Amino acid sequence: MTSTMTTTQRTEVQIRRRSVRALKVYWPVSRQTLALAAAGDVEVLRREESLAGLLRVVETSPCLGDFGMYTDVFEVGIGAEGFTTGRGAAPTLGAVGEQTLSPTLTVTTYIDASVPEDELSHALSRIVAAHPWEVPVVELSAPVELVTRG
């Protein structure tokens, strides 16, 4: 029996820590878009008509996804959203009293914690206005630290 020992050398990398707020938006898409994205066809995100409004907001709001040399930065997670619609609602998908599952993307971007409240509120208002759900699910975190290369 032969054993091999590997020695690794540690290399210190300069890091930068920045105070940001994470913004997560849960966005419904078609089943076909979800399946294609899950299969690796990420270009389908550019073709998904319902997602175009959100991507336009990210692209035209300088405070969203600002990483200096990179702008409009966002990540997309694939999943599903479940809900039961209550009386008085006008659901886009499903029916009142019915448990519904929606193919959903989670779009995450970051906002520098020092962005003025009025600029942040304007971007959030644009996202909510573009969202197809009657009650959009939009999460804004408390400030967290984002670590990047320095």
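Everything quoted here is computed from the prediction, not taken from an experiment.
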Nearest non-hydrogen partners of Glu134 and Pro91, listed with the distance: OE1-N, 4.1 Å
Approximate separation, where rounding is to 0.5 Å, of Leu124 CG and Cys63 SG: 8.0 Å
Side chains of Arg126 and Thr60 in contact at under 4.5 Å (non-hydrogen atoms): yes
SB check Arg56 Glu59 (cutoff 4.0 Å): no
Asp66 vs Asp112 side-chain heavy atoms within contact, under 4.5 Å: no
Reported CD-to-OG1 distance for the pair Glu139 and Thr108, which is rounded to 0.5 angstrom: 8.5 Å
ILVMFWY cluster, Val57 and Leu105 together (side-chain gap under 4.5 Å): yes
Val58 reachable from Val115 in the ILVMFWY side-chain graph, under 4.5 Å edges: yes
Exam field: side chain Thr100 to backbone Thr85, donor-acceptor pair closer than 3.5 Å: no
Non-hydrogen side-chain atoms of Leu140 and Ile111 separated by less than 4.5 Å: yes
Hydrophobic cluster membership, Leu146 vs Val73, 4.5 Å side-chain cutoff: yes
Where Val44 and Leu36 come nearest, the two heavy atoms and their spacing: CG2-CD1, 3.8 Å
Common cluster, Val138/Val135, ILVMFWY with side-chain heavy-atom separation under 4.5 Å: no
Single-linkage hydrophobic cluster, 4.5 Å side-chain cutoff, Phe74 and Val42 together: no
Atom CD of Gln99: over 12 foreign heavy atoms under 6.0 Å: yes
Heavy-atom neighbours of Glu49 CD exceed 12 at 6.0 Å: no
Pairwise distance CD1(Ile15) to CZ(Arg149) - rounded to 0.5 angstrom: 11.5 Å
Enclosure of Gln32 CD (heavy-atom neighbours >12, cutoff 6.0 Å): no
Atom pair CH2 (Trp27) and OG1 (Thr104), whose distance is rounded to the nearest 0.5 Å: 11.5 Å
Heavy-atom pair of closest approach, residues Val137 and His131: N-NE2, 4.4 Å
Minimum heavy-atom distance Val128-Pro136, with the two atoms named: CG1-CG, 4.1 Å
Student check: side-chain heavy atoms of Val144 and Val20 closer than 4.5 Å: yes
Test item: Arg47 and Asp41 side chains (from C-beta on) under 4.5 Å apart, heavy atoms: yes
Minimum side-chain heavy-atom gap Pro28-Ser50 below 4.5 Å: no
Side chain proximity check, Phe83 to Ser102, heavy atoms < 4.5 angstrom: yes
Straight-line distance of Leu23 CG to Leu120 CG, nearest 0.5 Å: 8.0 Å
Gap separating the NZ atom of Lys24 from the OG1 atom of Thr106, nearest 0.5 angstrom: 7.0 Å
Donor-acceptor pair, side chain of Ser141 and main chain of Arg21, under 3.5 angstrom: no
Pair Glu81-Trp133, side-chain donor/acceptor within less than 3.5 Å: yes
Beyond-backbone contact of Arg18 with Thr148, side-chain heavy atoms, under 4.5 angstrom: no
side-chain contact (heavy atoms from CB on, under 4.5 Å) partner of Ile78, chosen from Thr33, Val29, Leu34: Leu34
Leu64 and Ile127: CA distance, side-chain angles, deciding distance, side-chain contact (heavy atoms from CB on, under 4.5 Å) verdict: CA-CA 11 Å; Leu64 300 179; Ile127 289 169; 4.3 Å; yes
